[in-house]
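Everything on this sheet refers to the single structure shown next.
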Amino acid sequence: MTTDAPVISAKNVWKLFGSAPEAYLKDMPAGRSFDEIRSDGYIAGVKDVSIEVARGEMLVIMGLSGSGKSTLVRCFSRLHDITGGTIEVEGQDIMSLSEKELIELRRNKMGMVFQSFGLLPHRTVLDNVAFPLEMRGQDKHARRERALEVIKLVGLEGREDYFPRELSGGQQQRVGIARSLAIEPDIWFLDEPFSALDPLIRREMQDEFLRLQQLLNKTIVFITHDFDEALRLADRIAIMKDGAVEQCDTPDQIVLHPATEYVRKFTEEIDKARVVHTETLIERGLDGEGDPVDASASVQSLAKLLIQDTRSAIPVAKDGTVIGAMQREVALGILVGTE
Amino acid sequence: MADTTAISANPPMSRSRLASLLVGLAILVTALQYLGFLPAALHRLPEALVPDFARYLDAFFNFVKDDLGLFALTRWLTGLLQTVLDTTANLLFGKRRWPNLGPIPWTAIAASMAVLGYYLGGWKMAALVAVTFCWTALVGQWKIAMQTMSVLVVAAPTAFIIGLSLGVAAWKSPAFNRALKPVLSVLQTLPFFTYLLPAVIFFKVGPTAGAVATTIYAIPPMILMTTLGLQKVSPEVVEAGHMSGCTKLQLLRHVYLPSARTEILVGVNQVIMLCLAMVVLTAFIGMPGLGAKLLAMMGSFKLGRSFEIGVTIVLLAVTLDRMSKAWVVKQPEHFERGTPWWKRHIALLLGLGAFVVFCIVAQFIEVASEIGRKQSLSVGKELDTGIKWFLNIEWVKATTGFLRAFVNVQILIPFRNFMLSIPTPAFILLITAFALWLGGRRQAITALIFFSLVALSGWWDRSVITLYSVISAVSIAMLLGLPIAILAARTEKWSQRLLLVCDTAQTFPSFVYLIPAIMLFGITDIAVIFSILIFAMVPLIRYTIEGLRTVPPEVIEAAEMSGATRMQKLVNVELPLALPTMAVGFNQAIMFAFFMVIIAAFIGTQDLGQELQRTLAGTDLGKNFVLGICVSLMALTFDLTILKWSSDRKKMLGLEE
Ligand SMILES: Nc1ncnc2c1ncn2[C@@H]1O[C@H](COP(=O)(O)OP(=O)(O)OP(=O)(O)O)[C@@H](O)[C@H]1O
Ligand SMILES: [Mg+2]
C-alpha cells in the first residue's frame, strides 16, 4: 500500500435516474432523502458519495440489492455519466475526457467484470477473451497466446471453442473474469465476479486476485454480498444504503464502531472475533508483560490463549517488535460476544 | 399520459354515448336520403367541388422528375441495375449478356441448393429443396422460375442492405425514427399497384422496374426488425464493449449487429418472402417470369397449367421460407479440437463439389442441363380435363351454382347497393363513431380526416365498393374461421396442426389465392370475395388459436373450480381474455383483404383496384397515387383503431405483449 495521490477520488458524486436529472439536482434543496427524491420521480442510484481509493488498495463495496453498488462502479468507469460532483481517476476528471481519451483510458488502464457477465453471444470463449486485445489492435497471434494463457488460469482449458450458451453459469462467469484478466488493467472493477462459482474455484480466484494485487500493485474495487469474501480480500469496506455510502473503513472498525444504526444491523450477525485483529485493540499507555501476540492475528485465533492466560494486558508485536498492548478483558469480551 | 387520465376521468360511458349520437345522426341522414328529402349535394360531393388532386400530384411529380433532376438520377441507376440484372439473367437462364456463361445447368443449382438446405436444416430441408427444384424443372418451368429468381436475387440483398442501414440510422437518431414511422406505415398499407407505376415511369418497363418495386416493397419490415433487434441488445454486453475500449464503429460491428442477429435474420426472412410475393405481381408491368405466365394462363382460362404454376410458386415460397427460418434458429456450434479443415467446411465443399460435378455432367447429358418443352412432364391438359370433370359433378355444380346465384344475388349485391346508398356524410359519421367507440378521440379524428380525404378524392363510390368487398369477405371469413379456430384450440394437437397450416399458407404469395377462386367460381364477384376470404381467414384463425391457447391456465382452472361448463368457460373466460390477440388477427385480416381486393381486380371488379390497374397502362402517375392513397387511408383508419383497442385492452387485462 503506497501513500501517493489516490487513484480514484470521488467528490459529492450524484447519479439520478429520471427524465431531467441535471436540472432537478440543481434546484433540489440540500438534504433531501432517498424517498423524497423518489416521490419526485427520480431514483438516486448514487447519492452524494465521496470516497477515495488508494493505489494498490482493494476496496470492497457491500450493501443490499438495489443499494447502488453497481451504479457507483459504473460511474467510476464512466459507463454512466454522473449527474453531479466530480470523479478523478489518476488526477484526471473523467467527465472532461473526450471520447478518444476515454477509449484510451479504458484500453490501457481499466478493466471490469460484469455482474451478469456481458459476454458476446456470437463469439467463442477464445474470441470473447481476446476481444479487448482485438480492440486494441493487437495482432492475431499474440492475442491468441495471451487469451489461451488466461483461459487456462481460470480453468477453462479445452473449452476455447465453445460458445457462451454452451457453458454453465459459473463457466460463463469465468470467461468474463478471463476477459478482464487478459489485459491486466491497473484499475479493476469487479461486480460480484465470483457469485456463480463453486466454493473451491471461488477460493482459487480470490487467491489469484490477491496475488495479482500484491505482485503488481493493482487497484481493485470489488462488489460482493459475501462477508467472508469481503474479509478475505478487503483493505477497506464501504457499506451502501439507498445510494449513499454509510461507512467506509477497515473491517475491524466497521464491526467495532459502526457509524450508523444501519451499519450496526448490517454487521450484527457477524462473528466479530473473526474480524477483529489484535492490532486494532492496542490501547495507548498500556504496557504488557511476557510473550507478545501477533498484530495480524484475529481474536478468534487466539481464543485458547485468551482464556488460559492470566495477564490483564498482553503485548502485541508486529514483525517481531512490540508495538503496544491490549487488554485481555476487551479481547475476551469480543470473543464471547458481549462487546 | 394526458390521454389515459382523460379516459379514466370521464368513464367510457361518455365515449360510447358520443359514438351512439354519431350513429343516430348517420341514421337520420340516411333516412332523409331514403325519404328523398336530402339535397343531392349532401348525398355525394358534387363533382365541381372535387379538387383535382391528380393534377396537382402530376405537377409535383413533373417538378421532381424534371426540375430536380430525379429522372437523370433514376436513368443512371437504371443503367447500373440493368447491368446487375443482366448478369444474373445470364447466369440463371442464359440471357445473351455479359458474362455469357449461363445458363447454369438446373441440376447444378438444385444440387448445391440441396446441400445448403442440408447445412441449414438437415435431411428434411435438403429433401424439400430437392423436391421443389426437381418439380420446377420437370414440369418445364425452370426457365420462367429462373426469370423470377434472377430479379429476386438482386432485389432481396438490395432491400436487405438499404433496410439495415436505415434501421441503424433510425435506431441512432430518434428524430429520424419519428419521421420514418408514419412513412413506413403508409408504405405498408399502400397497394402494390402504387409501387409499380412509379417504378415503370422512372425505371423502364421490365426487370429493372420490377426489381425496384420489389426492393422498395420489402424494405419496411427490414427497417423495423433491425431497429427492434438493436434496441434489445443487453446493456451489459454493450458496457462490456465499452470497457474493452471499442470505438463507435467497432461497437456497432462487433457488438450490436452480431447480438441482434436473430431479429436481423427474421428481417431477412420477411424480406425474402415479400420480395417473392411482389416479384410475382410485377407480372402486371410486364416482368416475365412465373407471375406473367400465371397471369397469361389464368387469362386464357387454362386452369391445369395455372394450377401447376401455382404449385411451383407455393413450393418455392415454402422452401425459401423454411430455409431462411432455419437460418434464424441455427446457432453457431463449436467443433472439437483438432477437427481438420475440410471437416469444418464440409457443407461448403460438398456444395461446391456437387455444383462442379453437375456442371460437367451437363456438358454430356442434355437433360441434366435443360429440360425442353417437349421433354417436360407437364400434365396441364390432363389436369384441365380433371378440373372440368370435377366441376361438372352434380353436387359440386349445384353448390357453386347455388353460391353464385343465392349468395351473390340475395346477399352480396343488396349489401353493396345498401352501402352505396348511404350518403357520404352519414358514412363518414359511422366510421368516425366506430373509431371513437373502439379507439378513442384521437382515432376518431384521424378517421374523420382520412375518410373526408377519400370523399374529396372524387373516388367515393369505388372506395365504398372496395370497402364492401373487404367487409363482406372478412365477415364471411369470421363466420367460417372463428368456429374452426375455437374447435381446434381445444386440443394441443389440432392447434399445432392448424397453426402449421396457417404458417404455411401465410407464406404463399397472394397471387396464387386467385387460382382456386377462378377455378370454382369463374370470373364473377363471388370469386373475388372467395379469394379475399381465404386469404383473410389465415390470420384470423391463427391469432384466435394463439389467443385462446395463451390464456393463463390458472384462470381456466379457477373457472373450472367455480363449476363453469365448457360453454360458460369459453364465453366468460377464454374469449374475453383472448379477444385482444384475436383483434390483432382481425386487423391483419382486414389489411390482407385490402391487399387482396386490389389483386382481385384482375378478375374484374368495379373498385379502386380496377381503376388502379388501368393506370398501369398509361402514365397517370397522379391518378395512380390518388387511388393508392385512398386505399391506404382506409386501411390505416382500421389499423390505427383496432390496434389501439387491442393494446388498451391488453393493458386493462394486465396481459403484456
Ligand atoms: N439504467 C437505470 N435506469 C433507471 N434506474 C436504474 C438504472 N440502473 C440502476 N437503476 C436503479 O438504481 C438503483 C441501484 O441499482 P444498482 O444496480 O446499482 O444496485 P446494486 O446495488 O448493484 O444491486 P444488486 O446487488 O442487486 O446488483 C436501483 O434502484 C435500480 O433500480
Ligand atoms: Mg449490482
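Chain identifiers are assigned alphabetically (A, B, ...) following the order of the sequence lines, protein sequences preceding nucleic acid strands; residue numbering begins at 1 within each chain.
Within 6.0 Å of atom NZ in B:K330, more than 12 heavy atoms from other residues, nucleotides or ligands are found, so the atom counts as buried in its surroundings. Atom OH of B:Y119 sits in a sparse spot, with 12 or fewer heavy atoms from other residues, nucleotides or ligands closer than 6.0 Å. The environment of CZ in B:R253 is sparse: at most 12 heavy-atom neighbours from other residues, nucleotides or ligands sit within 6.0 Å. Remark: B:R549 CZ is packed, more than 12 non-hydrogen atoms of other residues, nucleotides or ligands lying under 6.0 Å away.
Within the 3.5 Å criterion, the main-chain N or O of B:G245 finds a donor-acceptor partner in the side chain of A:R107. At least one donor-acceptor pair under 3.5 Å links the side chain of A:H122 to the backbone N or O of B:H254.
Going from atom CD of B:E239 over to atom CG of A:D191 covers 9.5 Å, rounded to the nearest 0.5 Å. Remark: B:S234 OG to A:F114 CZ distance equals 9.5 Å, nearest 0.5 Å.
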Notebook entry, point to check: Does the pair B:V237 and A:L120 meet the rule for a side chain to side chain contact (heavy atoms under 4.5 Å, CB included), with working shown?
Noted result: CA-CA 6 Å; B:V237 172; A:L120 300 168; 3.4 Å; yes
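Neither the backbone nor the side chain of A:R136 comes within less than 4.5 Å of any heavy atom of chain B. There is no contact between A:T124 and chain B, counting heavy-atom distances below 4.5 Å.
Considering only heavy-atom pairs separated by less than 4.5 Å from chain B, the leading option among A:L133, A:N108, A:D161, A:L105 is A:D161. Annotation: maximal heavy-atom pairing with chain B below 4.5 Å, among A:E99, A:R179, A:R159, A:M110, occurs at A:E99. For chain B, the option among A:E160, A:E134, A:R74, A:K100 with the highest count of heavy-atom pairs below 4.5 Å is A:R74.
Taking each heavy atom of B:S259 and A:P121 in turn, the nearest pair found is OG-CD, 3.9 Å. Nearest heavy-atom pair across A:I103 and B:T247 is CD1-CA, 3.6 Å. Between B:C246 and A:M135 the shortest heavy-atom distance is SG-SD, 3.4 Å. The two residues B:V255 and A:F131 make their nearest non-hydrogen contact at CG2-CZ, 3.9 Å.
Using modelled atom types and a 3.5 Å distance limit, the side chains of B:H242 and A:R78 yield no donor-acceptor pair.
Side-chain contact between B:S244 and A:R106 is absent, with no heavy-atom pair separated by less than 4.5 Å.
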